[in-house]
J.: 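Here it is, the structure, as structure tokens.
Counting starts at 1 for both ligands and their atoms, following the listed order.
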Amino acid sequence: MFANACLVLPVAFPIAAAATISLAAKAACAAIAAEGIETLTSWADWLNEEYITAQSHYWSAANADLIPACVVFPTNAYDVSAVVTALLNEPCVSFAVKSGGHNPNVGYSSVDGGVLISMSNISSTVLSEDQKIAEIGTGSRWLEAAQALEPYNLTVVSGRLGDVGVGGLTLGGGLSFLSTQYGLACDNVVNYEVVLADASIINANATSNPDLFWALKGGGNQFGIVTTFTMKTHPIGKVWGGLRFYSGEYAETILNATHDFNTNFKDPKAALIVTGDITIESLVELFAVFFFYDGETPPPGIFDTFNALPALIDNAKVQTYSELLNGDDNANLYGLRYLIRGTTLPNLPGTTGQSLYNGHYAQWKEYVMTQGVLNPGFIFSIAFQPMPYLIPAQSVAAGGNALGMTPESGDHMWMEYDISWLTSLADDTAHSMSMNITATVEEWAKTNFAGILPSHYKGPTDHAGLENAEYTAIFMNDAMYDQLPLQSYDNNGYARLTAIQRAVDPDGFFSTRTGGFKLGV
Ligand SMILES: Cc1cc2nc3c(=O)[nH]c(=O)nc-3n(C[C@H](O)[C@H](O)[C@H](O)COP(=O)(O)OP(=O)(O)OC[C@H]3O[C@@H](n4cnc5c(N)ncnc54)[C@H](O)[C@@H]3O)c2cc1C
Ligand SMILES: *[C@@H]1O[C@H](CO)[C@@H](O)[C@H](O)[C@H]1NC(C)=O
Ligand SMILES: *[C@@H]1O[C@H](CO)[C@@H](O)[C@H](O)[C@H]1NC(C)=O
Ligand SMILES: *[C@@H]1O[C@H](CO)[C@@H](O)[C@H](O)[C@H]1NC(C)=O
Ligand SMILES: *[C@@H]1O[C@H](CO)[C@@H](O)[C@H](O)[C@H]1NC(C)=O
Ligand SMILES: *[C@@H]1O[C@H](CO)[C@@H](O)[C@H](O)[C@H]1NC(C)=O
């Protein structure tokens with residue numbers, strides 16, 4: 001189908017480190033260097049701090065096993081265009097685009113033997129004169145963007161941990177503490193500066209390339225290389241929140257309160273992430289809860305149940321937004337190998353919904369305590385991320401995005417399951433455990449709660465129910481490489497995305513030469 005028959009699709013996992021670098025890859029690197037773009041190689045620059053950071057500083061250390069032919073550091077869209085031109089001239093060379101390096105899927109922002117395009121030098125935040133929008137370089141981390149805007153008492157709809165990258169999070173949709181007020185991160189983008197597969201530099205916005213504009217709102221990395229995101233700004237002052245740890249003995253109280261928070265969403269300024277964690281070494285079961293309120297004092301009635309429980313560690317306090325993002329990074333450990341897997345659960349009403357969450361947690365815990373215990377060094381976690389109908393309502397009001405969620409489909413919970421471990425010897429086990437955990441808990445939920453509609457559901461009854469595959473989107477930012485988030489997008493989103501991908505990338509530059517969640521497979 002594609003002109004370059006030389007390529008084997010990058011395999012997501014496992015990948016052995018490249019022993020040799022092809023002549024074609026060396027030629028591509030040399031051509032990029034000849035354009036005056038900073039180009040570093042493992043054989044020449046392996047002591048260079050910039051090289052080491054780009055090649056090895058990934059949230060999941062498994063990505064650092066891959067050795068690129070070179071790392072290139074474009075500083076603007078023209079440089080990125082020159083990199084794409086060099087790659088077009090060497091059709092057998094694979095590549096990867098890296099922004100914050102937080103995606104754990106090996107081969108998405110890392111590449112073995114190909115060209116690694118590090119966006120770390122495209123990282124400025126520039127506020128417009130009227131202060132209504134800010135241009136944010138893709139290689140920026142959310143902490144940097146938040147710090148740059150804070151002197152103006154402004155912020156953007158950002159990630160919830162400061163260290164995560166702007167590029168990957170926004171292309172995957174982007175869930176923020178501010179989403180119940182302003183939608184997903186992507187809903188706040190008014191312009192994408194993009195380098196396309198033919199090396200042209202274009203703007204995608206509501207009036208120029210509107211199809212691509214829509215596709216980039218949650219459609220991922222198969223459409224182009226985004227250099228700058230122009231985002232709406234929002235006022236921000238001091239906020240309340242931070243991370244608290246609770247003993248696992250309060251699991252049921254915490255999960256019931258999380259259900260209540262999601263069902264009876266009282267205040268769009270409030271947000272929560274509730275994670276249960278079990279460390280196999282100690283078998284200690286903990287809950288780490290991230291609190292957020294956009295204001296200094298959360299009104300009574302929002303976090304009362306949580307506040308009444310004794311916390312083991314309590315970092316929740318009044319602080320600036322950037323301080324909060326920075327503090328949340330305490331949950332952001334480097335040096336381990338990680339997998340993340342996502343599912344979406346309906347938030348069922350009343351005691352049924354509480355039973356679903358408690359039972360789901362019990363199933364997960366049962367798996368960890370019977371299968372997980374066989375693996376010393378493993379850490380398992382399960383996250384409950386509220387997705388009340390208010391968030392899709394904001395998305396729709398902002399013009400809609402590729403995920404296609406609607407407020408009529410009611411309240412949901414974006415579930416995230418993490419495993420971390422220490423060495424590549426345990427990779428296969430971790431991968432099969434991650435799949436098995438979700439298979440077990442999803443099956444249980446589907447069997448026991450079939451046909452019950454979520455709270456705030458207002459859609460057609462034949463489109464709902466846990467047994468229904470089209471129930472609602474799987475969140476790409478929490479998805480594992482074998483999952484199909486794009487295929488899960490509602491309202492014909494997948495077919496439309498596939499058509500747009502083929503139109504902007506007819507020769508398969510992205511679809512055959514770089515990793516990521518694929519369309520049309
Ligand atoms: C500790 C932690 C906290 C997280 N918190 C949140 C959260 O609050 N909200 C949320 O929504 N998600 C969150 N995530 C998930 C996160 O959004 C995804 O892992 C995301 O892919 C990371 O983006 P990145 O730029 O850091 O990663 P990278 O690994 O650099 O990139 C991720 C993917 O995007 C592609 N990409 C990156 N930049 C570009 C670009 N400019 N053009 C084209 N393609 C590009 C890469 O090729 C890769 O496929 C979190 C993840 C972690 C590990
Ligand atoms: C890229 O950024 C690094 C680190 O900030 C800096 O040392 C380097 O000079 C930059 N390179 C270019 C070409 O601007
Ligand atoms: C930001 O808010 C603080 C506190 O309200 C105020 O003192 C300061 O003047 C504001 N700064 C700007 C630039 O508006
Ligand atoms: C949309 O793109 C056009 C063409 O590049 C540009 O002139 C216009 O300023 C862009 N609009 C926004 C909102 O950035
Ligand atoms: C949690 O909710 C379930 C189901 O409604 C109920 O049976 C249980 O008593 C509740 N537990 C606590 C601790 O609130
Ligand atoms: C996962 O499930 C499969 C099929 O039931 C089983 O063969 C495999 O051993 C399981 N793996 C783990 C690590 O539990």
J.: Taking 4.0 angstrom as the limit and counting only heavy atoms of N205, give me the atoms of ligand 4 inside it, by number and element.
T.: 1 (C), 2 (O), 3 (C), 8 (C), 10 (C), 11 (N), 12 (C), 14 (O)
J.: Is there a side-chain contact between L88 and F509 (heavy atoms, below 4.5 Å)?
T.: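 The answer is yes; the side chains approach within 4.5 Å.
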J.: Can you check whether T75 has an N/O within less than 3.5 Å of an N/O in ligand 2?
T.: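 Among all N and O atoms of T75, none is under 3.5 Å from an N or O of ligand 2.
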J.: Would N203 count as a polar contact of ligand 4, with the cut-off being nitrogen or oxygen pairs under 3.5 Å?
T.: yes
J.: Considering only the protein, which heavy-atom contact is closest to atom 7 (O) of ligand 2, and what is its distance?
T.: E50 OE1, 4.1 Å
J.: Pull out every atom of ligand 2 sitting under 4.0 Å from any heavy atom of E38, numbered as shown with elements.
T.: 10 (C), 11 (N), 12 (C), 13 (C)
J.: Is atom 9 (O) of ligand 2 less than 4.0 angstrom from some protein heavy atom?
T.: no
J.: Just to confirm my output: which protein heavy-atom neighbour is closest to atom 11 (N) of ligand 3, and how far is it?
T.: N153 ND2, 3.0 Å
J.: Do the numbers put K26 on top of the ring of W43, so that NZ or CZ is under 6.0 Å from the six-membered ring centre and no more than 45° off the axis?
T.: yes
J.: Considering the heavy atoms of S208, write down every atom of ligand 4 situated less than 4.0 Å from one of them.
T.: 1 (C), 2 (O), 3 (C), 4 (C)
J.: Out of curiosity, S322 OG to I236 CD1, how far, rounded to the nearest 0.5 Å?
T.: 10.0 Å
J.: Any idea which of N76, N121, I122 brings a heavy atom closest to atom 4 (C) of ligand 2?
T.: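 That would be N121.
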J.: When you compare the side chains of H234 and N188, does any donor N or O come within less than 3.5 Å of an acceptor on the partner?
T.: yes
J.: Give a yes or no on whether atom 2 (O) of ligand 3 lies under 4.0 Å from any heavy atom of the protein.
T.: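 Yes; the ligand atom in question has protein heavy-atom contact below 4.0 Å.
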J.: Does the structure place the NZ or CZ of K317 under 6.0 Å from the centre of the six-membered ring of F291, at an angle of no more than 45° from the ring's axis?
T.: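 No, K317 does not sit over the ring of F291.
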J.: Would a line drawn from the ring center of F223 to the ring center of W214 be shorter than 6.0 Å?
T.: no
J.: Considering all protein heavy atoms, does one lie under 4.0 Å from atom 14 (O) of ligand 4?
T.: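 Under the 4.0 Å cut-off, atom 14 (O) of ligand 4 does have protein heavy-atom neighbours.
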J.: I'd like to check whether Y152 has a polar contact with ligand 3, where a contact means an N/O of the residue lying under 3.5 Å from an N/O of the ligand.
T.: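 N/O-N/O distance below 3.5 Å does not exist for this pair.
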